[in-house]
2 protein chains.
Amino acid sequence: MAAKHSGSAGDVWLRRPARAAREAPPLSRDRIVREAVALLDEEGAGRLTMRRLAERLGTGSTTLYWHVKTKDDVLDLALDAIFAAVEIPRPGAQDWRAGVTALISGWRAVLLEHPWSAALLGRPMLGPNVLARSEFLYATLVGAGVTEPHLTAAAYGLSNYVIGSALMQATWTAQEEDAPRQAAREFLRDNRDRYPVLATHGPLTGDSDWDTSFALGLAWLLDGIGSDEQRTERAP
Amino acid sequence: MAAKHSGSAGDVWLRRPARAAREAPPLSRDRIVREAVALLDEEGAGRLTMRRLAERLGTGSTTLYWHVKTKDDVLDLALDAIFAAVEIPRPGAQDWRAGVTALISGWRAVLLEHPWSAALLGRPMLGPNVLARSEFLYATLVGAGVTEPHLTAAAYGLSNYVIGSALMQATWTAQEEDAPRQAAREFLRDNRDRYPVLATHGPLTGDSDWDTSFALGLAWLLDGIGSDEQRTERAP
DNA sequence: ACCTGAACACCGTTCAAGT
DNA sequence: ACCTGAACACCGTTCAAGT
């Protein structure tokens, strides 16, 4: 009646190593976050569960709580982790407009590559990767001569615009499923008397090009920021 | 050993009415949605549960499924419901810029009044209230002479901007809790060597005025949309 | 210092059954 | 047509216990 792991003489060789080269590397916060990102990429936010995450890591779900305080922590860490992929332009290597455009585009690319991320943006983003990129944004704007209240408006405006755009695009291009988009199109066509303009000019009528839409709006914002900056520079 | 609701002679007067003036109005999809909005307003999205919602309505949770297909349905319906409060300007009563500004401002006001809503924007919004307001937006822009690809860019840009702004503001002004904001401020101060610009010019340094920030960014977008419109009008 | 298992207090949803 | 109760297959998280 030996219990599961009780030792009896000479059975060392029969027992499999406590862990070792079974699931390979030991558990760590870093490994948890990497696996969480992989899980989110493959299956979406709805399927991220402490139990399922633990299973992929070869442990019980309760073990995760030694490395991480809550599931929300995992989400915060995963969200910050993906921003490591956004390259920070070398400061001053180009004019402010090119630098900001590069950063914002990289930001957007990351959000679209990990569609689950857009829905998580409603939480404070204070991870080191996000902060480093915000620092560059502010530094570039300040360097361009943008001052309050335009500075805050510019930084927020640009961030809000990428976030909103990514959220909208991720919503409507969810994993190849053209079904909801198709259904919406049909609904508008069937109700063209109630929504005449939407039915004929709406975003679902042509195959709207997300990239050029985004670029146009970004240019408008940059124009505005630039004109205020010039005005400020010229003032005594 | 009479079971709970079995009748025995003369006990009609003793039994409370099956429903009647107990919880007042009968259950209906409309009542469910209204109660859901109230629950969300009072306690936030994290506490909306089919069981808790049913309790507030005086029924069992499983009863809700007769009127509604899933919990997601409840969320979709609640989200659309709050947009009924956004007044649609009378078409042509003012110039396009004033009309658009009024609509977008009303949109923003609703999102901020119901802070839980911002986090739910990552789902297709095809309810009648939202559609009616989108129709006005498109109609106004088309009436102003905005044409593709600027039309889609303008409509999306404005929507994305409000959504992003409301999401950001709702994130950072969550129910009077100044604690996280204060903690973030301290963190940046303590790490001013790593984030020099953020620490001195960042959004958390002064008490940023959300309203003027929003207004500035909106003006930049409208300027951009307007300039493109003029250019188009003038072209042969 | 790290990992495990059992357990608690919940979830959304289905379905046979009642009126 | 509408409502109920029991039940299923999950959740996040805690905690005493192991090594």
Side-chain angles (χ1 to χ4, degrees), chain A residues 2-8 11-12 15-33 35-36 39-40 43-78 120 123, chain B residues 2-8 11-12 15-33 35-36 39-40 43-78 120 123:
Chain A
K4 241 191 293 184
H5 279 272
S6 76
S8 70
D11 70 348
V12 212
R15 282 185 267 116
R16 60 197 197 333
R19 178 176 39 224
R22 177 162 47 109
E23 283 299 331
L27 207 48
S28 71
R29 172 180 282 219
D30 225 69
R31 213 157 83 77
I32 291 175
V33 174
E35 197 67 43
L39 172 49
L40 287 164
E43 316 193 29
R47 314 260 340 234
L48 175 62
T49 277
M50 295 302 270
R51 283 169 160 90
R52 302 190 76 242
L53 178 56
E55 199 183 3
R56 286 176 67 124
L57 290 162
T59 28
S61 65
T62 63
T63 306
L64 301 180
Y65 287 88
W66 178 262
H67 303 271
V68 120
K69 208 160 161 261
T70 63
K71 181 186 176 180
D72 268 4
D73 273 18
V74 177
L75 292 176
D76 285 333
L77 292 167
L120 298 184
R123 47 181 71 231
Chain B
K4 244 192 289 185
H5 278 271
S6 76
S8 69
D11 69 348
V12 211
R15 282 186 266 117
R16 60 198 197 333
R19 178 175 42 220
R22 176 162 47 109
E23 284 299 332
L27 206 48
S28 69
R29 171 180 283 219
D30 225 68
R31 215 159 81 76
I32 292 176
V33 173
E35 198 65 43
L39 172 50
L40 287 164
E43 317 194 28
R47 315 262 336 237
L48 175 62
T49 277
M50 295 302 268
R51 283 169 160 92
R52 303 190 76 244
L53 178 56
E55 197 183 4
R56 287 175 67 123
L57 290 162
T59 30
S61 63
T62 62
T63 307
L64 301 179
Y65 288 88
W66 177 262
H67 303 271
V68 119
K69 207 159 161 259
T70 64
K71 181 186 176 181
D72 268 3
D73 272 18
V74 177
L75 292 176
D76 284 332
L77 292 166
L120 296 185
R123 48 182 70 231

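Only heavy atoms go into these numbers, but all of them, side chains included; no hydrogens, no water, no symmetry mates. Proteins come first, then strands; the chains are lettered A, B, ... in the order of their sequence lines, and each starts at number 1.
Taking atom CZ of residue B:R52 and atom P of nucleotide D:dC11, one finds them 22 Å apart after rounding to whole Å. Between the P atom of D:dG12 and the CD1 atom of A:I32 lies a distance of 14 Å, rounded to the nearest Å. Separating the CG atom of B:L57 from the P atom of D:dT4 is a distance of 11 Å, rounded to the nearest angstrom. Separating the CZ atom of A:R51 from the P atom of C:dT4 is a distance of 15 Å, rounded to the nearest angstrom. Atom C1' of nucleotide D:dC11 and atom CD of A:E55 are separated by 14 Å, given to the nearest angstrom. Separating the CG atom of A:D73 from the P atom of D:dG12 is a distance of 14 Å, rounded to the nearest angstrom. The distance between atom CZ of A:R29 and atom C1' of C:dA1, rounded to the nearest whole Å, is 16 Å.
Counting heavy atoms from C-beta on, the side chains of A:V74 and A:L64 never come closer than 4.5 Å. A 4.5 Å side-chain heavy-atom check between B:L77 and B:I32 finds every atom pair outside the cut-off.
Scanning both residues, A:R31 and A:P26, for their nearest heavy atoms gives NE-O, 3.2 Å. In terms of heavy-atom proximity, A:K69 sits nearest to A:D73 at CB-OD2, 3.3 Å. Here the shortest heavy-atom pairing between B:K71 and B:L48 reads NZ-O, 2.9 Å. The shortest heavy-atom contact between A:S28 and A:H67 is CA-ND1, 3.9 Å. The shortest non-hydrogen separation linking A:E43 to A:R52 is OE1-NH1, 3.0 Å. For the residue pair A:L40 and A:A45, the shortest heavy atom distance occurs at CD2-CA, 3.6 Å.
Counting only Watson-Crick and G-U wobble pairs whose two distances sit under 3.5 Å, DNA chain C takes part in these stems of three or more pairs: C:4-8 with D:12-16, C:12-16 with D:4-8.
None of A:T70, A:V68, A:T62 except one satisfies the side-chain contact (heavy atoms from CB on, under 4.5 Å) rule with A:M50; the exception is A:V68.
Near-neighbour residues of DNA chain D inside residues 60-71 of chain B, defined by a heavy atom below 4.0 Å, number-ordered: B:G60, B:T62, B:T63, B:W66, B:H67.
For the OP1/OP2 pair of C:dC3 and a distance below 4.0 Å, the side-chain nitrogens and oxygens of A:T59 include no atom meeting the criterion.
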